[in-house]
4 protein chains.
Amino acid sequence: MNFNHTLEAFNRISEEKRNKIFDAAINEFAEHGYESANINNIALKAEVSIGSMYKYFKNKEELYLAIIHFGVESLKGILEEIICSEEDLLGKIEKIIRVIQSYSRSNVNLTKLYNQMTNENHSGLVWEIVSDMEGVTAKLYASFIKEAKDAGKVRNDVDEKLFAYFLDNLFILLQFSYSCEYYKERLKMFVSEDIFDKDDLVAEQLMKFIRGAFFLE
Amino acid sequence: MNFNHTLEAFNRISEEKRNKIFDAAINEFAEHGYESANINNIALKAEVSIGSMYKYFKNKEELYLAIIHFGVESLKGILEEIICSEEDLLGKIEKIIRVIQSYSRSNVNLTKLYNQMTNENHSGLVWEIVSDMEGVTAKLYASFIKEAKDAGKVRNDVDEKLFAYFLDNLFILLQFSYSCEYYKERLKMFVSEDIFDKDDLVAEQLMKFIRGAFFLE
Amino acid sequence: MNFNHTLEAFNRISEEKRNKIFDAAINEFAEHGYESANINNIALKAEVSIGSMYKYFKNKEELYLAIIHFGVESLKGILEEIICSEEDLLGKIEKIIRVIQSYSRSNVNLTKLYNQMTNENHSGLVWEIVSDMEGVTAKLYASFIKEAKDAGKVRNDVDEKLFAYFLDNLFILLQFSYSCEYYKERLKMFVSEDIFDKDDLVAEQLMKFIRGAFFLE
Amino acid sequence: MNFNHTLEAFNRISEEKRNKIFDAAINEFAEHGYESANINNIALKAEVSIGSMYKYFKNKEELYLAIIHFGVESLKGILEEIICSEEDLLGKIEKIIRVIQSYSRSNVNLTKLYNQMTNENHSGLVWEIVSDMEGVTAKLYASFIKEAKDAGKVRNDVDEKLFAYFLDNLFILLQFSYSCEYYKERLKMFVSEDIFDKDDLVAEQLMKFIRGAFFLE
DNA sequence: AATGAATGAGCATTCATTCAT
DNA sequence: TATGAATGAATGCTCATTCAT
């Protein structure tokens, strides 16, 4: 969670260069996965010498983790904003869906990376970084569901933790559906070739699905 | 979709050897990902010479695709059986959930591979193989939902294709939750450490979630 | 001490190639020391692909140890022959001196390597290989001295183990004096520029030195 | 031999800093050998910027040579003191042995470096620095032996130059036996594990060895 | 004068693939 | 047909050295 100890050198360079490095790294890792991502390539694309690269990051793994950390922080920020807003549960859910649609489209590589991440054998270290975020969402979702349940709006017999999990699953795959080739093809096959021009329809239907799942009436 | 052209040599060897090769390959690919998987290693574990390996499969990619093909066929068989059974929609859904729980536990590596697959840059070729299966499920789900809708059991305002998609999303992530490290940790974090001892609870709650999403009353 | 386990592949190739590899490796290690010896270079000089090199030896260290092993065995063979000969102590010593003069001249690089070896931080593993030989010499020298002492030929107040050590020290530095640049210069400085043309003088004087050290009258 | 030309900058800094740099460099070179020694590391340990390091020493080699120079000067001082003392030959020899025992124990790294030095390909340059000292010892030893010979104390048939060489060889290896891992192990193997607790025995026996080698009676 | 960030050549090692037997 | 030895391109990482500040 706390990376700043090793990244001193990296944090000292200009923001422009930092972003260039992150961009290059996110692309490379998202495109090729951890193992076949090529650090010399990242350096080349970011117009930074390999030597510098290794001044900024101890090794490939640390760079990878830093990227993940960056991506997660970025996502966390957005989620927190929504979740802490004044909306009610349904309002929040709708907002999340909309944000997923726009965010995963404009951060294709970051989202691909998130999918990659679920495969890597680095799970241990990666999980340390991500669990933080997942933990927050898990708890918030569950508490909102609990609230709604107590208010009599949600059926009494639901396990709020599991329902939170199913809900987040729907969000995750929605995210991937807007960024990862495979899932994009799959969505097109399930629905239609022009589904990516119908964000409103997707949002509306997913809302309906979720509303039905949760709410009485 | 049709692989037999190149796989003549492979199909001619004993089933036992074929299975040994598949086992070794599935493990290696699932464990290390496409790029880091080591063909010489697979040959070693399968007790086959590398020379033979390259007689059976033109190159790494073809082996990978053959493995995916094999995995997908295995899954397709199971799904088809359920989907073509006499149960009604809810009955089928329950069966699928139960099968996912047992299948992904006893075929951990194959399921991991399925997750891997969604990342690789081979998406194009992979998709050719898998689209077949996804196409079948997509159509079947949609038709069943249509049926139920026409029968007045499912709300009228649902887009059956999108609902089929959401439904399958829930299934996919359930599958991963029982086999991929990352998703396993995530499920534990959302619910509890002992969630993997409570398959009935998970199945029951997921049924509830889906039933609510789809059905009137 | 037993290396054959890992060196199967290496032992299977033609003796000619094996010798070429050893020669190249001995030269490289003797010339540059362990750290800056370049394996790609050794492969090049030995006209073997790097890939093969790594089939024969797991890594740089194993190659190094194999070389040391080879050198030590070669030396051990010669020493054993002398030590087990029928000569008396003085006769053996003279033979050893003569052998050192010829051996270290015709195996310059192997002898340089022996000097290198005393510096490397691999001491641990290296020592395992060499201790064997050193142990043998140590014991043999000591026993011969003991014998001579018991026979009244050698003074009674000598510690045979320490005397064996001093004796071997004289041999070691004699060896280096015929192969290592530094020690060669040093010998020339102590005696004269043309000392390397006077092997008989060196041998005779060293005999005198040692005889005096050991023997009564 | 004369280094001061390039070392102006270095000689201008405080003695404390100079010593810190020497200490760090001696450790690094002794520990890792010339090639693997890391100048950036030396700078770090000596708390000097790399930039300054390269102001003081043109490059790695010059730093190395400066270190050798320093070490040799230190040793030369001690030897000269002994050699010019009023003792007779045997007295001097005993003093030298004692000094070797204490000096090589308290200057382990410098002594290691001396061993390193005999291997490096820098022999040429190194020799320039050291020959000075070796030349002095060579001449002094020889002259003392000559003296003793003329005085009838030493046998008439010895070549004083070669005997001086053998004598110095014994000293050199004694030195290494107290500081270099390899030679330490070797001494333990020849004599006993606890030999390093028996300096008096070693000194006494070496005296006996040398006395016998040189002296009538 | 002093600094230390930046550079990039260089090296150990891996592994997909070929091909002679 | 089957083998497995041989190949060599490719890549992560280090470190001596430079030079702008």
Side-chain angles (χ1 to χ4, degrees), chain A residues 8-10 12-14 17 32 35-44 47-63, chain B residues 9 12-13 17 32 34-44 47-64, chain C residues 8-10 12-14 17 32 35-44 47-63, chain D residues 8-9 12-13 17 28 32 34-44 47-64:
Chain A
E8 292 164 54
F10 182 61
R12 228 178 290 127
I13 62 177
S14 78
K17 218 163 197 73
H32 303 286
E35 295 288 352
S36 45
N38 181 336
I39 291 216
N40 294 43
N41 227 286
I42 294 173
L44 211 72
E47 291 179 290
V48 161
S49 74
I50 328 156
S52 294
M53 212 67 195
Y54 277 86
K55 274 274 187 312
Y56 305 150
F57 307 95
K58 211 179 72 211
N59 51 32
K60 195 181 189 178
E61 187 167 63
E62 196 181 270
L63 169 58
Chain B
R12 225 176 292 128
I13 62 176
K17 218 162 197 69
H32 302 100
Y34 178 78
E35 297 286 352
S36 302
N38 182 334
I39 293 211
N40 293 46
N41 225 317
I42 293 173
L44 209 73
E47 292 179 288
V48 163
S49 74
I50 328 157
S52 296
M53 212 66 193
Y54 274 84
K55 280 278 187 302
Y56 306 148
F57 308 96
K58 211 178 72 208
N59 53 30
K60 195 181 191 177
E61 188 168 59
E62 197 180 88
L63 169 59
Y64 183 68
Chain C
E8 293 165 52
F10 183 61
R12 228 178 289 127
I13 61 177
S14 78
K17 220 166 195 71
H32 302 287
E35 296 287 352
S36 45
N38 181 337
I39 291 215
N40 294 44
N41 226 287
I42 294 173
L44 211 71
E47 291 180 291
V48 161
S49 74
I50 328 156
S52 294
M53 212 67 198
Y54 276 86
K55 275 275 187 310
Y56 305 149
F57 308 94
K58 212 180 72 211
N59 51 33
K60 195 182 189 175
E61 187 167 62
E62 196 182 89
L63 169 59
Chain D
E8 293 164 51
R12 225 175 294 126
I13 62 176
K17 218 162 198 71
E28 184 78 11
H32 301 101
Y34 179 78
E35 297 287 349
S36 303
N38 183 334
I39 292 210
N40 294 45
N41 224 319
I42 294 173
L44 208 72
E47 292 178 289
V48 162
S49 75
I50 327 156
S52 296
M53 213 67 193
Y54 274 84
K55 281 277 187 303
Y56 305 149
F57 308 95
K58 210 179 74 210
N59 51 31
K60 196 182 191 176
E61 188 168 60
E62 196 180 271
L63 169 59
Y64 182 68

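Order of the sequence lines fixes the chain letters, A, B, ..., with proteins taken first and strands second; residue numbering starts at 1 for each chain.
Applying the 4.0 Å criterion to OP1 and OP2 of F/dT17, one finds that D/Tyr54 has a side-chain N or O inside that range. The phosphate of E/dT14 (OP1 or OP2) has no side-chain N or O of B/Asn38 nearer than 4.0 angstrom.
What you find for B/Ser36 and B/Lys60 is that their closest heavy atoms are N-NZ, 4.4 Å. The nearest pair of heavy atoms linking C/Asn59 to C/Tyr54 is CA-CE2, 3.9 Å. Between D/Lys17 and D/Val48, the shortest heavy-atom contact is CE-CG2, 3.8 Å. Here the closest non-hydrogen pair linking A/Glu62 and A/Phe57 is OE2-CA, 3.5 Å.
The separation between C/Glu62 atom CD and E/dT13 atom P is 11 Å, rounded to whole Å. The distance from atom CD of D/Glu28 to atom C1' of F/dA16 is 13 Å, rounded to the nearest whole Å. Taking atom CD1 on A/Ile42 and atom P on F/dT11, their separation rounds to 12 Å, with Å as the unit. In this structure, B/Leu63 atom CG and E/dT17 atom P are separated by 10 Å, rounded to whole Å. Taking atom CD on B/Glu35 and atom C1' on F/dG12, their separation rounds to 15 Å, with Å as the unit. Across the protein-nucleic acid pair, D/Ile39 atom CD1 and F/dT14 atom C1' stand 14 Å apart, rounded to whole Å. In this entry the distance linking NZ of D/Lys60 with P of F/dA16 reads 4 Å, nearest Å. Protein atom NE2 of D/His32 is 13 Å distant from nucleotide atom C1' of F/dT14, rounded to whole Å.
No contact: C/Ala43 has no heavy atom under 4.0 Å from any strand. Residue-level contact check: B/Asn41 touches neither bases nor backbone, having no heavy atom under 4.0 Å from any strand.
Both A/Ser36 and D/Tyr34 sit near DNA chain F, but only A/Ser36 has its closest nucleotide nearer the 5' end.
Partners of B/Glu35 under the side-chain hydrogen bond (donor to acceptor under 3.5 Å, both in side chains) rule, at least two apart in sequence or in another chain, do not exist in this structure.
Rounding to the nearest 0.5 angstrom, the gap separating the CD1 atom in A/Ile50 from the CG atom in A/Asn41 is 10.5 Å. From A/Asn40, atom CG reaches atom OG of A/Ser49 across 10.5 Å, with rounding to the nearest 0.5 Å.
With hydrogens and angles ignored, the 3.5 Å screen pairs a side-chain donor or acceptor of D/Glu28 with a backbone N or O of D/Asn38. When atom types are taken as modelled, the side chain of D/Tyr34 and the backbone of D/Glu61 share a donor-acceptor pair closer than 3.5 angstrom.
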According to the Watson-Crick and G-U wobble definition with distances under 3.5 Å, which dot-bracket string, read 5' to 3', encodes DNA chain E, using [ ] for crossing pairs and | for pairs with another strand?
.||||||||||||||||||||
Dump the pairs, protein N or O against N or O of nucleotides 4-6 of chain F, anything under 3.5 Å, distances to one decimal.
{"residue": "F/dG4", "atom": "N7", "partner": "B/Gly51", "partner atom": "N", "Å": "3.0"}
{"residue": "F/dA5", "atom": "OP1", "partner": "C/Arg12", "partner atom": "NH1", "Å": "3.3"}
{"residue": "F/dA6", "atom": "OP1", "partner": "C/Tyr56", "partner atom": "OH", "Å": "3.3"}
{"residue": "F/dA6", "atom": "OP2", "partner": "C/Tyr56", "partner atom": "OH", "Å": "2.9"}

